[in-house]
Protein chains: 2
Amino acid sequence: MFIELDLQSEVPIYKQLADQLIEGIASGTLSSGQPLPSVRTLAADLGINLHTVNKAYQALKQEGFLEIHRKQGVIVQPGALPTADSAFRERLGRDLRPLIAEAVARGMKENELQTLMTALYGQVQNPSSQGGTST
Amino acid sequence: MFIELDLQSEVPIYKQLADQLIEGIASGTLSSGQPLPSVRTLAADLGINLHTVNKAYQALKQEGFLEIHRKQGVIVQPGALPTADSAFRERLGRDLRPLIAEAVARGMKENELQTLMTALYGQVQNPSSQGGTST
DNA sequence: TATCTGTTATACTATAAATATAACAAGTAG
DNA sequence: CTACTTGTTATATTTATAGTATAACAGATA
């Protein structure tokens with residue numbers, strides 16, 4: 001698993017980390033039950049604070065993507081992954097709406113957005129179609 | 001034009017305002033050259049501070065959606081609206097990616113996302129298909 | 001000249017993000 | 001049992017953003 005952080009980004013570090021872990025789950029790079037580094041180890045590897053890693057882990061635990069045990073540490077949800085229930089769909093709609101609105105205001109056609117979405121969907125499912133020649 | 005703010009939302013007020021103005025432009029509710037309320041008037045109407053309104057106006061001016069003059073005040077871009085250039089498309093992709101990734105992780109199929117996108121596209125283009133029975 | 005416009009400046013409060021240390025509690029390996 | 005690693009909790013500090021509050025300035029106009 002390859003984590004890349006941009007410390008200068010306006011996107012909070014903990015969110016960048018959480019996003020990339022979700023991408024790992026979405027692509028299968030992180031498989032069910034797989035252990036993740038301890039908060040201290042990952043923090044040291046990334047050069048950030050342990051609490052920042054913990055914040056990302058807690059957010060994903062809250063959503064149901066991770067399980068956290070005493071000594072075992074953190075593992076990818078070994079059971080059923082969270083689903084796209086109505087609560088998630090509502091949140092997704094609220095988040096997508098302003099992005100789509102600006103695209104419309106800028107004259108993007110519906111099929112252009114569909115094409116972009118399809119491309120992103122593919123990139124997320126198959127990470128090798130993106131930058132990484134890695135493990 | 002109907003502006004609704006949620007002061008309890010985690011989304012900043014100035015961004016809610018900017019988003020709704022962009023939606024107005026996208027739907028045609030706000031037409032080219034149309035004057036907007038002064039920062040003081042709109043602030044008073046919405047019960048917020050003049051600087052918060054100004055921040056939204058400035059952001060949209062920066063993007064090219066608004067023009068601001070001395071006494072005329074603020075008007076919707078009378079010339080060509082900003083386009084979906086490569087810079088915008090890159091930003092859009094970066095913003096969409098984590099949303100799509102979580103949808104994938106939650107098992108949403110590509111055509112479900114397409115359907116959602118189409119629905120939102122329609123809502124943005126035609127605001128009357130949403131909540132408002134208003135002017 | 002008086003008024004309305006955006007603009008700038010300053011100050012203050014509140015909150016979020018990130019870091020830094022330290023300590024605690026629960027498992028586990030020796 | 002002891003030592004170690006785990007997540008967890010608690011404080012404290014720094015920095016940046018968001019929002020408000022006042023005040024004043026400069027340009028355009030009626």
B/K71 side-chain N/O to C/dT7 phosphate OP1/OP2 under 4.0 Å: no
Nucleotide C/dT15, atom P - distance to NZ of B/K15 in whole Å: 22 Å
CZ (A/R91) with more than 12 external heavy atoms under 6.0 Å: yes
Phosphate OP1/OP2 of D/dT6 contacted by A/S38 side-chain N/O (<4.0 Å): yes
Residue closer to the 5' end of DNA chain C, B/I68 versus A/Q16 (nearest nucleotide): B/I68
Main-chain N/O of B/A101 paired to A/E23 side chain as donor or acceptor, under 3.5 Å: no
Any N/O donor-acceptor pair, B/R40 side-chain to C/dT3 base, under 3.5 Å: no
Phosphate OP1/OP2 of D/dT8 contacted by A/N54 side-chain N/O (<4.0 Å): yes
Side-chain N or O of A/K55 closer than 4.0 Å to phosphate OP1/OP2 of C/dA18: no
Side-chain-base donor-acceptor pair under 3.5 Å for A/H51 and D/dA10: yes
side-chain N/O A/Q58 vs D/dT8 OP1/OP2, d < 4.0 Å: yes
Atom-to-atom span, CG of B/L17 to C1' of D/dG19 - whole angstrom: 13 Å
Whole angstrom value for the distance that separates P of D/dG7 from CG of A/L42: 10 Å
Nearest-angstrom distance from the residue atom CG of A/L46 to P of C/dA18: 13 Å
Nearest-angstrom distance from the residue atom CG of B/N49 to P of D/dT20: 6 Å
A/L66 CG - D/dT8 P separation (whole Å): 11 Å
Main-chain N/O of A/P82 paired with A/E63 side-chain donor or acceptor, under 3.5 Å: no
Phosphate OP1/OP2 of D/dG19 contacted by B/Y14 side-chain N/O (<4.0 Å): no
First encountered from the 5' end of DNA chain C, between A/R70 and A/T52: A/T52
Heavy-atom side-chain contact between A/L42 and A/L36 under 4.5 Å: no
Rounded distance (Å) that lies between atom P of C/dG6 and atom CG of B/L50: 9 Å
Side-chain (A/S27) to main-chain (A/Q125) donor-acceptor, under 3.5 angstrom: no
d(CD, A/Q72; P, C/dG27) in whole Å: 10 Å
